[in-house]
Engineer: 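First the structure, then my questions, so here it is.
Letters go in sequence order (proteins before strands), and every chain restarts at 1.
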Number of protein chains: 2
Amino acid sequence: MHTEDFISIMIHQTDLKLTSFIKEELRVFNLTPEQNLIMMLLWEEDGRTQNDIARKLQKDKTNVARMASQLEKKQFVRRAAGTQDQRAVQLFMTDEGRELQEKVRPAAERFNAAVTKGISRNELTALEQTLAKINKNVSESLREE
Amino acid sequence: MHTEDFISIMIHQTDLKLTSFIKEELRVFNLTPEQNLIMMLLWEEDGRTQNDIARKLQKDKTNVARMASQLEKKQFVRRAAGTQDQRAVQLFMTDEGRELQEKVRPAAERFNAAVTKGISRNELTALEQTLAKINKNVSESLREE
DNA sequence: AGGAAATAGTTGCTATGCATACTAAATTCA
DNA sequence: TGAATTTAGTATGCATAGCAACTATTTCCT
């Protein structure tokens, strides 16, 4: 078996390529790919807590804190202590953050279309299902340790 | 379209999970996932240059240089200026690096088996083909910019 | 031959990912 | 009720990913 035959390596390299492309696409909006993920969640529902976002994105809370801090610096979001739970930090879009949505969402759709060009709906579904199986396998392997 | 519906996000999250798992598996060998990729290439062919490795792994030469430096510190490889091309740096396994192979390769095969459990040969081939299409699409999008 | 362009590496910067250790607030439960 | 536990965040350190700018060779081309 050769290095490039491991499926995890192929997935990794595809991901790197995608990330690199998305990074380039988002540069004009002054957003990094991960910062964009947070913004996308906020556009769906404003006022989410960092913890909520970390769970949704399956990310470490440390990273979410850092990214939220960056987004605050860029003035796309405002951070405020939670109303019910004083420990929580809620993220609220600023006007500037809201304006971004109008520009970024179409770009994301366009990008998604470019990536999936020539790939049928069935093929995409199959891809999603196989990735889901891999996810499940890894989760189960982790639990067994 | 929701955040989690973009295929690139699903690939990204699967990759993160896989990387996290591999990192854990390799910890006992004092290897990180990316350092392991370099070792795997050297086990296939000793004396590769950093540039060769960067191309094979589709990685930035900066990273390869740094990872090679780490591997040298851990005494798994030795670095030497290329014989023909004085600019190039070739990586050679040490005895310790060679010994690693006996332990790591079986672990990698075992891990790959765990990840692909319950996924048919056909399904895996389909996954590879779809990922290849995505790779191609991204490459072409990048060229058009 | 010799200057221009390409190539291989290195260093420094920013952003991420994840682990550990810590604080403070909320919840559980004896 | 009040101590123990859980939960949300923060700080720090290491490994990775990629960009930009730089040096040192090598190759190309006139």
Side-chain angles (χ1 to χ4, degrees), chain A residues 9 12-27 29-39 47-74 79-91 142, chain B residues 9 12-27 29-38 47-74 79-91 138 142:
Chain A
I9 293 178
H12 186 54
Q13 299 200 335
T14 304
D15 177 48
L16 286 181
K17 207 159 192 168
L18 282 167
T19 302
S20 177
F21 182 33
I22 296 174
K23 191 174 172 187
E24 187 56 35
E25 294 284 303
L26 291 176
R27 188 187 303 279
F29 303 120
N30 190 22
L31 274 180
T32 64
E34 309 298 329
Q35 286 164 16
N36 180 49
L37 289 183
I38 293 184
M39 292 310 291
R48 289 184 195 263
T49 66
Q50 291 187 179
N51 191 48
D52 182 22
I53 289 168
R55 239 181 312 107
K56 279 264 178 191
L57 298 180
Q58 296 176 55
K59 281 190 193 308
D60 192 273
K61 54 189 176 167
T62 311
N63 300 321
V64 173
R66 262 195 300 230
M67 294 185 281
S69 167
Q70 295 295 322
L71 287 171
E72 194 180 33
K73 237 186 254 169
K74 292 178 182 179
R79 295 206 282 178
T83 42
Q84 302 102 329
D85 191 334
Q86 283 292 312
R87 296 169 305 179
V89 172
Q90 284 181 281
L91 302 187
L142 285 172
Chain B
I9 294 178
H12 186 55
Q13 298 201 335
T14 304
D15 177 48
L16 285 179
K17 208 159 191 168
L18 281 168
T19 302
S20 176
F21 182 33
I22 297 175
K23 190 175 173 185
E24 188 56 36
E25 295 284 305
L26 291 176
R27 189 187 303 279
F29 303 119
N30 189 24
L31 274 181
T32 64
E34 310 298 329
Q35 287 163 17
N36 180 49
L37 289 183
I38 293 183
R48 290 185 195 263
T49 65
Q50 292 186 179
N51 192 48
D52 182 22
I53 290 168
R55 239 181 312 108
K56 279 264 178 191
L57 298 180
Q58 298 177 54
K59 281 189 192 309
D60 192 272
K61 55 189 177 166
T62 311
N63 301 320
V64 173
R66 270 191 285 245
M67 292 185 279
S69 168
Q70 295 294 322
L71 286 172
E72 194 179 34
K73 237 186 254 167
K74 293 179 181 178
R79 295 206 282 178
T83 43
Q84 302 102 330
D85 191 336
Q86 284 292 313
R87 295 169 305 180
V89 172
Q90 283 181 280
L91 301 186
V138 173
L142 285 172

Engineer: Side chains of B:His12 and A:Asp15: closer than 4.5 Å at any heavy-atom pair?
Structural biologist: yes
Engineer: Do A:Leu31 and A:Met39 touch side chain to side chain, with heavy atoms closer than 4.5 Å?
Structural biologist: yes
Engineer: By nearest nucleotide on DNA chain C, pick out whichever of B:Arg66 and A:Arg66 is the more 5' one.
Structural biologist: B:Arg66
Engineer: Listed by chain and number, what are the side chain to side chain contact (heavy atoms under 4.5 Å, CB included) partners of B:Gln70, not counting sequence neighbours?
Structural biologist: B:Gln35, B:Lys73
Engineer: To the nearest Å, how far apart are B:Leu26 CG and D:dA15 C1'?
Structural biologist: 13 Å
Engineer: Indicate the atoms forming the closest heavy-atom contact of A:Ser69 with A:Arg79, along with that distance.
Structural biologist: CB-NH2, 3.8 Å
Engineer: Taking any atom under 4.0 angstrom from a heavy atom of chain B, which nucleotides of DNA chain C are the first and last to qualify, 5' to 3'?
Structural biologist: C:dA6 to C:dC18
Engineer: Checking side-chain polar atoms at under 3.5 Å, does A:Thr62 have a donor or acceptor matched by the opposite partner on A:Asp60?
Structural biologist: yes
Engineer: Heavy atoms under 4.0 Å, any strand shown: does B:Thr49 hit a base, just sugar-phosphate, or nothing?
Structural biologist: sugar-phosphate
Engineer: Do you know the tightest heavy-atom contact between B:Thr83 and B:Gln90?
Structural biologist: N-OE1, 3.7 Å
Engineer: Please figure out whether A:Lys61 or A:Lys23 has its closest DNA chain D nucleotide nearer the 5' end.
Structural biologist: A:Lys61
Engineer: Using the closest heavy atom to pick a nucleotide of DNA chain D for each, name whichever of A:Arg55 or A:Asp60 lands nearer the 5' end.
Structural biologist: A:Arg55
Engineer: Return the nearest nucleotide to the side chain of B:Met67; candidates are D:dA17, D:dG9, D:dA20.
Structural biologist: D:dA17
Engineer: Scan B:Asn63 against the nucleic acid and name what it touches under 4.0 Å (heavy atoms): base, sugar-phosphate only, or nothing.
Structural biologist: base
Engineer: Can you measure A:Ile53 atom CD1 to D:dT7 atom C1' for me and round it to whole angstrom units?
Structural biologist: 17 Å
Engineer: Considering non-hydrogen atoms only, spot the tightest contact between B:Gln50 and B:Ala68 and give its length.
Structural biologist: OE1-CB, 3.7 Å
Engineer: Please state how far atom CG in A:Leu16 lies from atom P in D:dC19, giving the value in whole angstrom units.
Structural biologist: 11 Å
Engineer: Starting at the 5' end of DNA chain C and moving along, which residue's nearest nucleotide shows up first, A:Gln70 or A:Gln84?
Structural biologist: A:Gln70
Engineer: With rounding to the nearest 0.5 Å, note down the distance linking CG in A:Asn36 to CD1 in B:Ile9.
Structural biologist: 7.5 Å
Engineer: Return the polar atom pairs (N/O with N/O) between nucleotides 23-25 of chain D and the protein under 3.5 Å, or none.
Structural biologist:
from   : atom 1 : to      : atom 2 : distance (Å)
D:dT25 : O2     : B:Arg87 : NH1    : 3.0

Engineer: For B:Asn51, which contact category applies under a 4.0 Å heavy-atom criterion: base, sugar-phosphate, or nothing?
Structural biologist: sugar-phosphate
Engineer: When we call it a touch if two heavy atoms are under 4.0 Å apart, what does B:Thr62 touch: a base, just sugar-phosphate, or nothing?
Structural biologist: base
Engineer: Step by step, work out the side-chain contact (heavy atoms from CB on, under 4.5 Å) result for B:Asn30 and B:Lys74.
Structural biologist: CA-CA 8 Å; B:Asn30 189 24; B:Lys74 293 179 181 178; 3.6 Å; yes
Engineer: Can you tell me how far P of D:dA15 sits from NZ of B:Lys74, to the nearest Å?
Structural biologist: 7 Å
